[in-house]
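The structure under discussion appears below in the form of structure tokens.
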Amino acid sequence: MTTTGLTYLFVGLSFTLYIGIAVWSRAKNTKDFYVAGGHVPPVLNGMATAADWMSAASFISMAGIIAFAGYDGSVYLMGWTGGYVLLALLLAPYLRKFGQFTVPDFVGERYYSRLARVVAVVCLLIVSFTYVAGQMRGVGIVFSRFLEVDINTGVFIGMGIVFLYAVLGGMKSITYTQVAQYCVLIFAYMVPAIFISLMVTGHVLPQTGLGATLVDGSGQTVLERLNGTLTELGFGAYTDGSKSTIDVLAITAALMIGTAGLPHVIVRFFTVPKVSDARRSAGWALVFIAILYTSAPGVAAFARLNFIDTVQNTAYSEMPAWFRNWEDIGLTAWTDKNQDGRLQYSAGNPFEGERPVFTDQRGENGERLIANAPTGNTNEIYVDRDIMVLANPEIANLPDWVIALVAAGGLAAALSTAAGLLLVISTSISHDLLKKTFFSRLSEKQELLAARISAAFAVAVAGYFGINPPGFVAQVVAFAFGLAAASIFPALFMGIFIKSMNREGAIAGMLAGMIFTFGYIVYFKFMAPELNNAAHWLFGISPEGIGVIGMILNISVALVVVRMTAPPPEHIKELVQNIRLPSVR
Amino acid sequence: MKSDDVGKKYWRANILLVVKLLVVWFLVSFGAGILFVDGLNQFHLFGFPLGFWFAQQGSIFVFVILIFIYISAMQKLERRLGISDEDDPDSYDEKAENLNEGHDS
């Protein structure tokens with residue numbers, strides 16, 4: 001069977017499984033739809049949370065980013081896992097004890113204010129829509145490369161699948177589908193990781209393989225070889241960073257706090273039966289996430305080594321097929337600067353501009369010609385970092401079925417996250433905006449219908465962004481984490497730990513944090529991108545890390561305002577006292 | 001009155017535990033992985049420079065351990081004070097409805 005045939009088989013089987021589970025576990029009432037009835041066992045909820053959390057970015061992009069950034073990639077590893085410690089210790093048990101359906105529910109009730117609820121909904125919508133656009137794009141890339149269909153067709157198929165289980169099944173279907181998707185994605189990630197680790201170091205586990213000695217008899221360790229090779233080619237050493245310490249601190253903190261403030265993750269802890277289960281399921285979620293996240297650095301280092309070994313000084317005519325396949329869809333490019341017909345790789349951009357602009361012609365070696373002006377350095381190769389995980393099995397010459405498996409895994413990662421996001425979007429519209437803010441007379445049945453219609457609407461918007469991706473998808477990821485850190489996290493944290501925090505303080509804090517962070521990112525990313533460098537940043541903190549300053553601003557403003565306004569009513573203080581204790585009584 | 005005392009005791013013990021765990025959380029990631037990374041890289045653990053290992057793997061292992069210490073310590077504390085929810089039935093329904101009633105009226 002060909003790779004494409006195998007890929008169709010694996011993807012088809014996994015999709016059938018997801019749809020089967022969705023039909024079997026579809027929602028019957030709003031509680032099923034919003035929180036899966038509140039009956040999900042903690043270990044399964046941990047798995048579902050892990051699939052919900054690990055998106056196309058974790059599965060497809062992260063190891064690629066680390067492969068090319070080395071130590072600098074650590075901010076994602078620590079940032080996207082450390083947030084679970086904050087979630088488990090500071091939020092999950094209390095939000096579960098509070099026991100309603102959504103994050104704006106908590107904000108609205110705790111701060112006894114419709115305005116607070118609406119502000120929380122606005123933050124939630126911006127965060128979630130930003131995030132979901134990237135997922136649909138990931139689905140499109142996998143489809144176009146491995147199933148050889150048009151990117152748009154790929155997005156439509158993805159939309160159809162998500163529509164089926166998010167709209168019909170709600171949280172209940174999503175939860176059990178995500179459990180299956182976790183199994184698919186972790187298997188698909190670990191099989192090539194183990195294969196490659198064995199090939200490069202003889203170690204089964206990529207975790208220990210990263211520190212091991214190479215099997216080529218040189219006696220060098222993986223990291224020594226990488227540092228040596230990269231320095232020779234003009235890059236910085238793999239284990240050294242290039243960013244300032246303050247910026248690395250800020251980015252890591254913003255990603256951690258942002259993770260703990262992401263609504264689609266938080267809402268997963270509403271689905272377990274008890275407070276102690278919420279704590280346990282946060283622990284299990286991190287275990288399941290850590291399996292992938294501690295393998296990623298190994299995958300990244302092996303990929304970078306294999307990549308350099310494969311391309312360096314190889315004649316284009318002898319390059320393996322993967323290079324040309326990715327070149328065909330524009331994610332790799334080669335410009336033969338020294339006219340020797342061979343690929344040379346070193347530090348620096350191969351040509352002017354961020355991305356290659358292809359002409360319709362082929363060069364004398366058969367490569368796609370590009371219109372960009374070449375730069376003065378010796379580097380001839382452009383490679384998009386997003387392809388490293390997907391191309392890794394091909395670069396390492398693994399069997400066809402592994403390549404097909406990786407495609408199915410990438411789709412599982414993207415679809416599970418997209419479904420989780422679409423659910424919080426539709427819930428916040430049907431429950432928080434319609435039922436709780438504008439039409440309090442909505443019956444249970446009408447609310448469920450409204451939830452389904454808004455899920456359908458959200459799928460359509462997400463699909464639109466997948467087909468017409470805003471050129472800035474990668475840049476706006478900073479929005480999602482920064483805003484979650486600056487608006488949602490502090491509101492929840494203060495609501496639990498500061499009993500005297502009142503409506504005025506919380507709303508003022510959320511607005512201050514949100515407007516500051518939003519403004520800072522928009523200014524440096526869109527209004528004045530030419531000023532986007534350390535010399536112009538506040539305290540030397542890049543837009544990616546500014547959410548942490550937004551959070552500090554939020555809490556400071558809230559603490560000042562609370563001193564000047566009336567304290568919260570007695571029944572709110574009792575509510576806070578109540579959510580602090582685990583037992584029902 | 002008595003239940004108030006239990007609540008206060010519980011909350012104080014909880015805050016103390018959380019602060020301790022977060023100090024470790026901060027030290028392994030922001031400390032070992034970022035602030036002291038260059039110093040620690042002078043030392044090696046198997047084939048890893050130590051600071052680099054903390055930044056890319058070690059901190060994640062510690063995060064997992066921290067959450068499980070928290071789970072078991074809280075469980076013990078709650079049992080000791082008699083406020084554990086372990087023996088509660090599936091408590092979602094009544095509680096959510098109670099809250100709803102309180103709010104709608």
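What you are looking at is a predicted structure, and each value in this text was computed from that prediction instead of being measured.
Of the atoms belonging to A:A253, heavy atoms from both backbone and side chain fall under 4.5 Å from chain B. Heavy atoms of A:S74 lying under 4.5 Å from chain B belong to its backbone as well as its side chain. Only the side chain of A:I66 comes within contact range of chain B, judged by heavy atoms closer than 4.5 Å. Looking at A:Y238, both its backbone and its side chain come within 4.5 Å of chain B, counting heavy atoms on both sides. Contacts of A:L210 with chain B are made by both backbone and side-chain atoms, with heavy-atom separations under 4.5 Å.
The CZ atom of B:F63 sits 12.0 Å away from the OH atom of A:Y293 when rounded to the nearest 0.5 Å. Distance CD/A:E224 to NE2/B:H44: 7.0 Å, rounded to 0.5 Å. Atom-to-atom distance recorded for A:T239:OG1 and B:F48:CZ is 11.5 Å, nearest 0.5 angstrom. B:M74 contributes atom CE, which lies 10.5 Å from atom OG of A:S276 (distance to the nearest 0.5 angstrom). With values rounded to the nearest 0.5 angstrom, B:I60 atom CD1 is found 8.0 Å from A:L286 atom CG.
Classified by interplanar angle (parallel below 30°, tilted 30° to 60°, perpendicular above 60°), the ring pair B:F52/A:Y71 is tilted. Ring pair A:F497/B:W11 is tilted by interplanar angle, where 30° to 60° counts as tilted.
By the salt bridge (Lys or Arg N to Asp or Glu O under 4.0 Å) test, A:R280 is found to be paired with A:D277, B:E86, residues two or more places apart in sequence or in another chain being considered.
If you tally non-hydrogen atom pairs under 4.5 Å between each of A:T208, A:V222, A:L86 and chain B, the highest count goes to A:L86. Considering only heavy-atom pairs separated by less than 4.5 Å from chain A, the leading option among B:L81, B:I71, B:L17 is B:I71. With respect to chain A, the highest number of heavy-atom pairs below 4.5 Å among B:Y70, B:F61, B:F46 belongs to B:Y70. Between chain B and the options A:L77, A:L90, A:L89, the largest number of non-hydrogen pairs under 4.5 Å is found for A:L89. Options A:G283, A:G73, A:A282, A:P93 differ in how many heavy-atom pairs under 4.5 Å they form with chain B, and the most are formed by A:G283.
A donor-acceptor pair is defined here as one N or O able to donate and one able to accept, closer than 3.5 Å; such a pair exists between the side chain of B:Q57 and the backbone of A:Q207. Checking side-chain atoms of B:Q56 against main-chain N and O of A:G70 turns up a donor-acceptor pair under 3.5 Å.
Summarising the geometry of B:A55 relative to A:M78, their closest heavy-atom pair is O-CG, 3.3 Å, with the distance given to 0.1 Å. For the residue pair A:A290 and B:V64, the shortest heavy atom distance occurs at CB-CG2, 4.0 Å.
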List, one per line, each side-chain donor-acceptor pair under 3.5 Å for residues 21-40 of chain B, sequence neighbours excluded.
unit_1, atom_1, unit_2, atom_2, d
B:W25, NE1, A:G82, O, 3.2
B:S29, OG, B:W25, O, 2.7

